[in-house]
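This report concerns only the one structure given below.
Lettering follows sequence order; numbering is per chain, from 1.
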Amino acid sequence: MDLLEGLNPAQREAVLHPSGPLLVLAGAGSGKTLVLTRRVAYLVKERGVPPSSILAITFTNKAAGEMKERIRPILSGADGLWIGTFHSIGLRILRMESNALGLKRDFSIYDERERLSLIRECMRREGIEDELITPERVASYIEAMKNDAIAPEDVEPSGHLEERLLSLYRVYEDALRKNSAVDFGNLILLPLRLFRENPAILSRYRELFQHVLVDEFQDTNLAQYQLIRLLLNGERNLWVVGDDDQSIYGWRGARVRNILDLERDFPDLRVIRLEENYRSTGTILGAANSVIRNNTMRRGKTLWTRQGEGEKVTLAILESEEEEANWVGRTILDLSKERDLGEFAIFYRTNAQSRVLEEALLRSGIPYEILGGTRFYERAEIKDIIAYLRVILNPEDSQSLLRVINQPPRGIGRRTIELTRAIAERDSLSLFDAILKGMEEGVFRGRGEGVRLFVGQISQLQGLLCLPPFDFLERLLHVTGLLAMWEDKGEEGRVENIKEFLSAAKEFEEDNPGSDIRDFLDHLSLVSDIDSYDQGRGKVALMTIHSAKGLEFPVVFMTGMEEGLFPHGKAVAEGDVEEERRLCYVGMTRAKERLFLSAARRRRIFGKIMEQRPSRFLDEVDRHYLRLYRVDAGPEGGSFGPVDDRAFSTGDLVEHPAFGRGKVLGMKGRDVLIVSFHGAGLKKLKVPPAPLKKVG
DNA sequence: AGTAGACTTTTTTTT
DNA sequence: AAAGTCTACT
């Protein structure tokens, strides 16, 4: 098979790039995944690079999985490749090098909630009860520090507040170590530290990775960028692909600046641009371009397509969120006469918006699938099982131990925990070891039965760790009595979820022959449900726009296009409108054939009904790409009309009796235009009353 | 020790 | 509006 087949000249150049640093600036739908995949295949097949010498970093596990699948037929053995997200690669390195870092090999990985409860515990211990210092505030401070690869000792605190945040950062890191646990940030930070402090290990990896490739480079944070730079050897074979217009994770520490720094850090950087879009119709692309054009902080590029114009983008303003949801349902029903339901996607800004849409689809009998949101693995019954797994593998993990020590009830209450904590403090032991010690000393007296039972179950299960994941979980549920507990309570939903969890384990087992429960647990820690989403299973997909990144659908609905919601009020308050606009651009460019934009005039927020105004992004879409859906025949009907021609939008050519001809550069709010007149220069005009006319 | 009811917080986005 | 957390009662 020809690796260059079907590629345009720029794409070929990117695949064939000889050596040294390369940046591929790839617009939405310009075939970047294809190019990245072919590049990896080309390196192995034509240049004879061993797969294990290639480090390819993707943005999601799903993208990694797809790439492996695509490469497998091209290469006989794709197995040696280092391919995955930054976090999964970091984890792989940490598991291999845990010794050098003084970590237990079976350390736990804490998610959001566990991190927060550990922070709460730290604050309790430090006796901090300050309105200004909430656990969430501490968590986001620590996360921001880690995103920028800043250790506590690197900081010169700016004031009293930061001093306290900083000391909590220290205490928290210490607590993590005591639990033999790491958080997400540490999956990047600890490898970075390892390489910095351990030249021998670093040079081993530098020698190993002959080629480093990074996808979605605009969304890497500083720590990730430093890790990448550190790993490059003298050949400096760094191959990255990204799009500054699609940077939507600034709040997570992502720095578009990494793309700019690249030119500073690598003066011989070669840049290739991919501007031909193979995904969307000309209309969809034009509409998306007209929105992103309003951003000032961008490299500037304009995507083009050979696909036909296609149908207009539909804009609908409905009275309420329920009507909006019903309208989406009706429209899908209507279009589904000619299309499979798997071709539809509904996007929203916040997960909370999914409920109304879900109800409407349910009523219309349209099968759907919600991606993200309250994730399956975050349900209490599933988290209990996961906590058991962690304690079994890593008894030092006191957070997980506390979660399950009395689940199902074993008569272990506050008093027993207090006794255990006291011993743990006294002898600096983990809670688990403190229990063992307490049993020896007989401090539990009448309460001893419960802890004896718990410890017995844990050690019994520790003997079964070599079982395949599914069998192990079955034994765990049996030994602990977890499943029986839910069955006795008549909690059918939870029982169903546990069964679904078991089948997920089975599936994992089949996909990863020879794996054990450790591998399954690692998988659970890093995987999100977008990763296991199979497109085109006859269901409408519902997700946030963030989750939609990297996906494409023939028909896309973007709902809740309202001020305060999208752009989100908090983003506006923090001056991040440009990132919201990029998010809007990302959403619009997911659509291949049809795009629907909608807003509601009234919406329930926090249980309160709010009057909403249409999003400024709707004003920014060039009018000639739009048609308006009008509700004029009651809830069941409506008609399409052209968008009011008198309305102005960015890019329009205009004429003024006094200033002459000019071009609309931008808008401020609903009715203030910024116009550049050929004769009179830049003017701000309010329309109406300004006597401005459109030309052409 | 366990539970019911009051009270609080949540909604920005996620590896 | 709903889920999670806390408190007081049994």
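Remark: side-chain polar atoms of A/Q226 are not paired, donor with acceptor, to backbone N or O of A/A223 under 3.5 angstrom.
Counting non-hydrogen atoms under 4.0 angstrom, A/F86 reaches nothing in the nucleic acid.
Under the 4.0 Å criterion applied to side-chain N and carboxylate O atoms, A/E449 and A/R410 are not assigned as salt-bridge partners. A salt bridge links A/K32 with A/E216: at least one charged nitrogen is closer than 4.0 Å to a carboxylate oxygen. Under 4.0 Å is where a charged nitrogen must lie from a carboxylate oxygen, and between A/E324 and A/R603 at least one such pair does.
Residue-nucleotide stacking is not present for A/F59 and B/dT15, judged by a side-chain ring centre under 5.5 Å from the six-membered base ring centre and planes under 30° apart.
One finds a side-chain N or O of A/T544 lying less than 4.0 angstrom from the OP1 or OP2 phosphate oxygen of B/dT14. Listed pair A/N351 / B/dT13 meets the phosphate criterion, a side-chain N or O lying under 4.0 Å from OP1 or OP2.
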(message) What does the B/S/- profile of nucleotides 2-11 of chain B look like, 5' to 3', with a 4.0 Å heavy-atom cutoff to protein?
(response) S-------BB
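For the pair A/L227 CG and B/dT15 P, the interatomic distance rounds to 19 Å; values are reported in whole Å. In this structure, A/R581 atom CZ and B/dT13 atom C1' are separated by 17 Å, rounded to whole Å. Distance CG (A/L565) to C1' (B/dT13): 12 Å, rounded to an integer number of Å. If you take CZ of A/R252 and P of B/dT13, they are 13 Å apart, rounded to a whole angstrom. Here B/dT13 presents its C1' atom at 12 Å from OH of A/Y348, a figure rounded to the nearest Å. Protein atom CD of A/E143 is 9 Å distant from nucleotide atom C1' of B/dT14, rounded to whole Å. Regarding A/K549, its NZ atom lies at a distance of 11 Å from the C1' atom of B/dT15, rounded to whole Å. Distance, A/K608 NZ to C/dA2 P: 17 Å, rounded to whole Å.
Atom P of B/dT11 sits at a distance of 16 Å from the matching atom of B/dT15, rounded to the whole Å.
Distance check, rounded to the nearest 0.5 Å: CD1 of A/I89 to CG of A/L227 gives 10.0 Å.
Shown here are the salt bridge (charged side-chain N to carboxylate O under 4.0 Å, His left out) partners of A/D261, two or more places apart in sequence or in another chain: A/R255, A/R257, A/R264.
Side-chain contact between A/L318 and A/R601: absent, with no pair of heavy atoms (C-beta onward) separated by less than 4.5 Å.
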